[in-house]
Amino acid sequence: MTKEELNSIIEERGTGAPPLVGILQEIQKREHCLPFRTLEMVAERLATPMSRLYSLATFYKSFTLKPVGRHAIDVCLGTTCHVCGGRRIMDRLLLALHVIEGGTTSDHRFTVTPVRCLGCCSIAPVIRIDSTVYGHVTQSQLAKILEKHD
Amino acid sequence: MVTLEIDGQEIEVEEGTTVLKGAQKLGIYIPTLCYEETIKPYGACRLCVVETIVNDRSMFQSSCSLSVAEGMIVKTNSKPVVKGRKILLELYLSRCPEVKRVRELCDQYGVTETRFTTFDKSEDCVLCGLCVRVCEELVGARAIDFVGRGTERKVDVPFERVWDECVACGACTYVCPTGHIQNEAHRVAQLKRQLGIQRKCRYMLMGAVSNKLCPNNYECWRCEYEQRTEYRLGEHAVLALKPAQRQGG
Amino acid sequence: MGDTKIRKPEDLEKLRAEGLKLISPDRSKITVGMATCGIAQGAKEVFDAINEEVSTLEANIIVARTACIGYCQAEPIVEVYLPGKSRILYHRVTPKKARELVSLTARGEIKREWTLYSIESSVEGIPPMEEVPFYKKQVKIVTRNCGFIDPRSITEYVARGGYFVLAKALGMKPEGLIDEISRSGLRGRGGAGFLTGRKWAIARNAKGNQKYMICNGDEGDPGAYMDRGMMEGDPFAVLEGMTIAAYAIGANQGYWYTRDEYPLALEMITNAIDNAKEYGLLGKDILRSGFDFDVRIARGAGAFVCGEETALIASVEARPPNPSPRPPYPAISGLFSKPTVINNVETLANIPQIIQNGAEWFSSRGTQSTKGTKVFSLVGKIKNNGLVEVPMGISLREMVFDIGGGIPGGAKFKAVQSGGPSGGLIPEEFIDTPVDYEHLEALGAIMGSGGMIVTDESTCMVDLTKFFFDFLKYESCGKCAPCREGIRQAHEILERITKGEGKDIDIETLDQVAHMVKDFSLCALGGTAPNPLITTLKYFRNEYLAHIKEKRCPAGVCKNLITYKIDPEKCNGCHVCIRSCPQGAITGEKKKVHSIDQEGCIKCGGCLEACKFDAVIVE
């Protein structure tokens, strides 16, 4: 991310403390991670210590410090999904993609992360790929769903 | 002035005083780990939890952060408090079995062994946060902060590298109750566990090296140039965090 | 832009007339329910199909969108409005069905077989909404607009009576408003159940010129999604409630905190705030009352602990969201150390209704201690999934069996999980308990934000408890030791038990840790975290004993204690399970009984799910 791009984000959201999380989210959205260089620029621009940024970036689960795959697979592991077999979906997905939880496939296609409730409990178990939510997922459907995103 | 009762003794203290200070005035001992008089109360170690009764309602609150109230009844050593404290100490013991301060506290309450699993025997950080707070509140440097959350939480510098913010004042090592912030040994051990990570060699100025390449497996204090290192960084352990030579990479 | 501003009641009347025309136009209208859950079930495709068909047929039909009507089981739901006739809801609509519906609607016809129910006037052969079992015992107050209006349209909201209440409230004295809310007995819907009126009064009387109003939309409870339903379905009601609350406590700045996991809700509330600003219902000198109020959105980034008040404040201030000891309570010293009121989304959505209809009207529903209605998300092993709004004091039995329609597949009901990871499990023997704060608390559960997860006999209680501890371990901020270490160790013990390595002493240890964490933790997350453990130890102790003593999982869930087998009587050798097995551990010839190689089986359950003849059994 260039300095100009960052400046435009900051201008849009304003300086000071409250929009900070929003700024980081915008960076995460554009860069698919929080690159070290960009965080350095944010720290300098907002006069925030790096330790604070790093603390926030590691606390919140929607931030990553390493680049993620092209498609983010969020597997819901909320209570309802757990009761309806979400854990088994997760295990199967990890097995099929040869990754660990939070890991990225070697071809950088998918990153599989657990998420604690997407609020779609009525159609559990649920997975979300990018912004598409799939409900009532079964193990046998997974291959077909993954095919749609390449 | 506010009147309250601590362990059956009545005491009159100024408004805004904490229960802990009130108890200390009476000579009542309450164990603490994360409390330091000069820093704002944090309420994280929970060892100073006491039972308070206000308007016939019993509650458990940390005495370091709780302000006194008129007519409050405080029990610092009631049965449930001691029982809870014992289990809490057992948990501390399972986290940091080797730490002297924790052992001392355990001895006071007769806790000798723990039923719980120890995940890392060498763990010596109790996450009291004193170092982070002293760095922020007293020094104003904010060089270190908590990283991660939950069970992964630890105190660290950003991206595990050194920053100019650290002025190497040594305040964090001074307040640390366990001696966790001492030298780089622990951090090195952490680094070694993470594969594929590179660390900037500040001692021999070899640039970024992976632990496979490092002749001493990141254990810099064993570096053959030990003498020179000490000469350059000084003997004070905290100076190991000082950004010594940056041109190295 | 200047003339859209609303300054006096007459302007609102004008807008209402416009809105009524939008809701009930003089020609046919097809509305698609497009909340997140609807879209996941194909509402977007249905919506596109309808639009396409309307333009090809050049039919005189308006196509609109709305949010979730609550009956999630039947999504995608399409509402067809025929002028002068009725509103008819069609359920489980597919794009193909949708195309046919367009041509039918163009001719003014109704397809009775696909209908769910009708609203407003009755049509022969179609049950009215009130008689459908799912809706029979519901009382729609907070969710009255959800699934009925377009959540993006302020005009339609005004047509349903919105913002008239704000005009009324701004004419009242703040003390009068607080008194009205206090008398109504409204309690915070976020979980703790603190009296809203009292909270407002404390903040009103707190010293300081600058005060803040925060709407807590960080619905972290897994299994609860009513706040998402509200924010997606009727964001203006929440915003109006927030504006009234701000006026009552004297705040000029508000923050609407919302979760990162709800992108559609974020879109809706952003739109609502922009719209309200455009119409002058937010900003300077609202409705010429001299009252200024502005709302900004604060976004979470994936942390359950942010639902806790002090952590939420830290998060808005962009500090790491660690809770801090209370007192001081936020109402005295909150955001930027100023008096701050934090109210839950549903609490705020109640406010306009109470001010409009009066405290007595509101408190006429509910029980002695808990007034009004509550929205629950009724999910899990239940026939009718969805969001339900019921009067307080309804029994769990009515909720599970009358509204929810019981357990699918004839399985036996086991327990209701109420209140998420901070709540507890309520077994069958207490199913006639009335639902209110006190009764649920007496059972060791809590009402929480309103998640009701129904479990049946295929749910292992030890495994479920382990799940909650896994969740809490993942979500604990790690600041205080009882929560961080206690939960980690309890999880470790539960893990051991589910692996069949439990010891006799474990139950006692768990019990002791649970009570210590409950009493000694810093914030409510830790303080309520052991509830699932305490309730399962109390009501389902025999399951723990079965795991520890007999090394057996009665529900057939815990992987290390079960084996998958094939029932030779039922297996017809169709090869489906062989194809489904990721390990290739199932062998057998076609049309002959298959068998599972126990060495290779990883117990993923793929064969169990794939077999259509129930031939795979768990032992």
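We use all heavy atoms of the structure for the numbers below, so side chains are in, but hydrogens, waters and symmetry mates are not. Everything numeric here is computed off the predicted structure, so don't read it as measured data. Numbers restart at 1 for each chain; the letters A, B, ... are given by sequence-line order, proteins then strands.
A donor and an acceptor atom, one from each side chain of A:Tyr60 and C:Ser315, are located under 3.5 Å apart.
When heavy atoms are compared at a cutoff of 4.5 Å, A:Val115 approaches chain C solely by way of its side chain, counted from C-beta outward. Within the 4.5 angstrom heavy-atom criterion, no atom of C:Pro421 approaches chain A. A:Arg116 touches chain C through backbone and side chain together, each having a heavy atom under 4.5 Å away. Only the side chain of C:Tyr262 comes within less than 4.5 Å of a heavy atom of chain A; its backbone N, CA, C and O stay farther away. Of the atoms belonging to C:Ile602, it is side-chain heavy atoms, and not backbone ones, that fall under 4.5 Å from chain A. If you measure heavy-atom distances from C:Ile39 to chain A, you find no contacts under 4.5 Å at all.
Here C:Pro582 is the residue among C:Ser580, C:Gly605, C:Gly606, C:Pro582 with the most heavy-atom pairs under 4.5 Å with chain A.
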C:Leu525 vs C:Leu472, side-chain contact (heavy atoms from CB on, under 4.5 Å): CA-CA, chis, key distance, verdict: CA-CA 8 Å; C:Leu525 185 142; C:Leu472 290 159; 4.2 Å; yes
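With C:Gln41 contributing its side chain and C:Cys72 its backbone, the two residues share a donor-acceptor pair below 3.5 Å. Here the side chain of A:Ser55 pairs no donor or acceptor atom with the backbone of A:Arg52 at under 3.5 angstrom.
Under the 6.0 Å cut-off for aromatic ring centres, C:Phe304 and C:Tyr474 do not qualify, their centroids lying 6.0 Å or more apart.
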